[in-house]
Amino acid sequence: MPMTITEKILARAGGEATMRPGDLAVVDVETAVLMDMTFLPEGWREVLKLHDPSKVVIAFDHLVPAPTVQAATAHATGRKFAARFGIERLHDVGLDQGIAHAVVADRGYAIPGTVLVNGDSHTCAAGAFNCAARGVGGPDMLYAITMGKAWFRVGETIRYDFTGALRPGVSAKDIFLYIAGTHGAHVNQNVEYGGPGMGTLSMNGRRTLATMGAELSAEFTIFEPDDLLNDYMRQVNPLTVTHPTMPDPDCVYRERRTIDLGTLEPLVALPDAVVNNSVPVGQVEGQHIDQAFVGSCANGTLDDLAVVAHVVKGRRVAKGTRLIVTPGTQTIYLAALKAGYVETITAAGGIVTPATCGACVGGHLGAIGPDEVCLTASTRNFKGRMGDPSARIYMGSPATCAASALTGVITHPGSFFAGDVA
Amino acid sequence: MSGSNALGGKVWKFGDNINTDLMLPGPWLYRSAEEQAKAVFINNRPEFLREMQPGDVIIGGFNYGMGSSRPAARSLRNAGVGFLLAEALNGLFLRNCVNFGFRAFECPGVSTAFDEGDRAELSIDDWTATNTRTGQTLAVTPIPSMLLEMMLGGGVLPMLEAKGLIARHQAQAG
Ligand code: SF4
């Protein structure tokens with residue numbers, strides 16, 4: 001029976017010949033990622049036997065460097081756990097530090113054609129690497145690391161075929177805002193990305209789009225493999241055996257939708273909801289903002305920092321406005337430093353923080369106060385997400401955030417890019 | 001699997017798209033598991049908790065348990081619901097049913113085969129559900145043994161404890 005990418009990966013990992021919507025897939029977990037929140041005392045239980053330490057990755061991310069005693073305690077628990085079982089892939093505070101999903105992406109831990117789980121909802125980020133990755137609950141993580149297995153109910157698949165290429169100043173974030181605004185939630189469904197235009201998207205752009213699958217409430221969000229992916233894996237994780245998985249030609253999709261990337265424009269999601277809430281930047285242009293944020297597992301890539309640096313180079317962030325930029329990992333931070341982006345952004349009045357979840361979840365390094373307005377290139381704009389519940393959070397691309405930081409009001413980024421899209 | 005896999009109780013019928021807010025309303029979200037179990041359906045069927053007997057059965061329609069990942073299944077279990085049969089279960093809700101050890105299965109045709117107040121009997125050994133009033137027996141969709149073991153064993157954590165994989169915990173939530 002022909003299968004979609006997700007069905008094929010789950011079938012393979014489950015040792016089954018086929019997998020179809022409605023089936024329950026009980027699968028081998030190739031990679032189990034534990035973030036710092038997993039080690040908070042309310043959820044964590046002392047592990048006595050581990051299935052396979054070489055399949056475990058630990059990344060401290062939501063609370064680094066520890067802003068509270070509670071966070072420091074969780075980190076200590078994680079370190080002890082790693083030492084006890086000899087887990088080598090421990091991403092502790094320091095050069096290895098980063099948002100778990102971004103660490104997984106940077107290091108090539110997400111192996112094409114396999115299953116990855118993490119107790120965080122944006123785990124689907126690894127779908128950029130043709131990996132069936134899903135956020136699960138804390139108990140599921142304990143199950144995965146002790147038994148080596150996870151289970152999923154197989155959903156139907158929505159296929160997106162990209163054609164054309166994005167115009168300058170339009171980014172993967174805008175593709176997401178278009179999909180979320182036009183097609184809404186994809187509950188219990190898998191999302192599959194491919195088509196002739198997919199190759200025009202960088203690995204970093206794919207990371208953004210795959211990560212945002214969580215906001216579509218999709219089960220799995222997954223990209224087709226191509227040469228770009230294969231080259232990337234060879235470069236960052238050369239010893240790994242990958243299983244690039246294409247959909248079967250006659251596989252059954254719930255629906256197949258084509259998006260001409262060349263027709264897209266910068267969009268903004270209005271406050272409080274990500275889906276069914278997108279408008280063209282022009283509709284909200286002039287809206288005052290107190291803070292612009294570029295970061296998170298979705299938009300802390302080197303491409304994102306490059307765009308911010310490009311827009312603010314030689315200019316100044318508006319008086320009374322804050323621009324906070326948080327790279328996804330310290331590796332990205334270092335690369336941005338070497339490329340001069342950190343200097344450019346800092347000189348323009350922006351703050352480049354160390355890699356952490358930080359402002360995305362209103363934890364530290366950029367929480368927003370009562371009645372403030374934030375334009376964010378991160379994952380969520382829910383009420384209270386980034387700080388006080390009375391604050392309003394708009395969501396846009398890194399380019400739109402950077403352009404708006406310079407003016408203090410929501411601003412179309414078009415004029416900063418050759419081939420103006422305005 | 002032991003003989004305890006045959007269960008029966010009085011039927012409480014619900015429709016399609018029963019969401020997790022109805023089973024575990026927002027204001028109870030941060031209260032104890034015991035308090036949460038006293039709020040099941042408090043907004044849409046307040047008589048449910050007053051009149052139900054331990055072991056009673058919920059019969060639902062399509063997409064039963066839609067909504068958030070809140071542990072609504074734990075509340076049904078703690079409230080004493082014997083089992084739940086639905087035309088189709090929401091995926092996230094099913095995950096919580098397994099993780100918190102609440103018996104919930106899919107049973108196509110169940111919403112037309114049962115009326116409010118009927119008695120439903122479930123045999124997990126042969127995957128059937130019977131309406132004792134009409135004598136009609138329906139096929140219950142089996143779930144993989146790995147999930148069944150967790151569901152019947154009280155959920156993930158007690159099972160991992162029993163296998164000696166994680167430490168026993170006194171103040172375990174739930
Ligand atoms: S960056 Fe934001 S969305 Fe991503 S894992 Fe951290 S808190 Fe979650």
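Residue numbers begin at 1 in each chain, while the letters A, B, ... track the order of the sequences.
Ranked by non-hydrogen atom pairs under 4.5 Å with chain B, the options D140(A), N188(A), V187(A) are led by D140(A). Residue with the most contacts toward chain B among L142(A), L48(A), I145(A): L48(A) (heavy-atom pairs, distance under 4.5 Å). Most heavy-atom pairs under 4.5 Å with chain A: of the set P144(B), A88(B), G155(B), this distinction falls to P144(B). Here L94(B) is the residue among L92(B), N63(B), I143(B), L94(B) with the most heavy-atom pairs under 4.5 Å with chain A.
The part of L147(B) that comes within reach of chain A is its side chain, from C-beta onward, which places non-hydrogen atoms under 4.5 angstrom from that chain. Within the 4.5 angstrom heavy-atom criterion, only side-chain atoms of L160(B), from C-beta onward, approach chain A. Interface remark: M159(B) contributes side-chain atoms only to the contact with chain A (heavy atom separation under 4.5 Å). Looking at V47(A), the atoms closer than 4.5 Å to chain B (heavy atoms on both sides) sit in the backbone and in the side chain alike. No part of N96(B) comes within reach of chain A, as not one of its non-hydrogen atoms sits under 4.5 angstrom from that chain.
Of residues 4-23 of chain A, no residue lies under 4.5 Å from chain B by any heavy-atom pair.
No side-chain donor-acceptor contact under 3.5 Å links R153(A) to the backbone of R95(B).
In R133(B), the CZ atom is crowded: over 12 heavy atoms of neighbouring residues, nucleotides or ligands sit closer than 6.0 Å. A 6.0 Å sphere centred on CD of E35(B) holds more than 12 heavy atoms belonging to other residues, nucleotides or ligands.
Rounded to the nearest 0.5 Å, atoms CE (M147(A)) and CE (M146(B)) are 7.0 Å apart. If you take CD1 on I166(B) and OH on Y143(A), they are separated by 12.0 Å, rounding to the nearest 0.5 Å.
The salt bridge (Lys or Arg N to Asp or Glu O under 4.0 Å) analysis of residues 47-57 of chain A, with sequence neighbours excluded, yields the pairs E30(A)-K55(A).
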